[in-house]
Amino acid sequence: MVIDFDEKKFQREILNLLYPFGLSKPKADQVVSYALLAVRNSSIPVRYRR
């Protein structure tokens, strides 16, 4: 399965999920960084053939 991943949209979605929990901006940014790291580490680059 190939997923078109928009990093900025992902960051916004994670921040929107975290704000109701009352996390400060630095803590929320840290969680987003860890989430992005997890996505990058579990992903495989896709090479497009033309």
Lys25: what forms a salt bridge (charged side-chain N to carboxylate O under 4.0 Å, His left out) with it, not counting sequence neighbours? Asp29
Please list all pairs meeting side-chain hydrogen bond (donor to acceptor under 3.5 Å, both in side chains) that have one or both residues in residues 7-16, counting only residues at least two apart or in different chains. Glu7-Arg40
Treating Ile, Leu, Val, Met, Phe, Trp and Tyr as nodes and any side-chain heavy-atom pair under 4.5 angstrom as an edge, say whether Leu15 and Tyr34 lie in one connected cluster. no
Working to the nearest 0.5 angstrom, can you tell me the gap between Ser43 OG and Leu36 CG? 10.0 Å
Of all the heavy-atom pairs spanning Leu18 and Ala28, show the shortest one and how long it is. CD1-O, 3.8 Å
Holding to side-chain hydrogen bond (donor to acceptor under 3.5 Å, both in side chains), I want the full list of residues that pass it with Tyr19, two or more places apart in sequence or in another chain. none
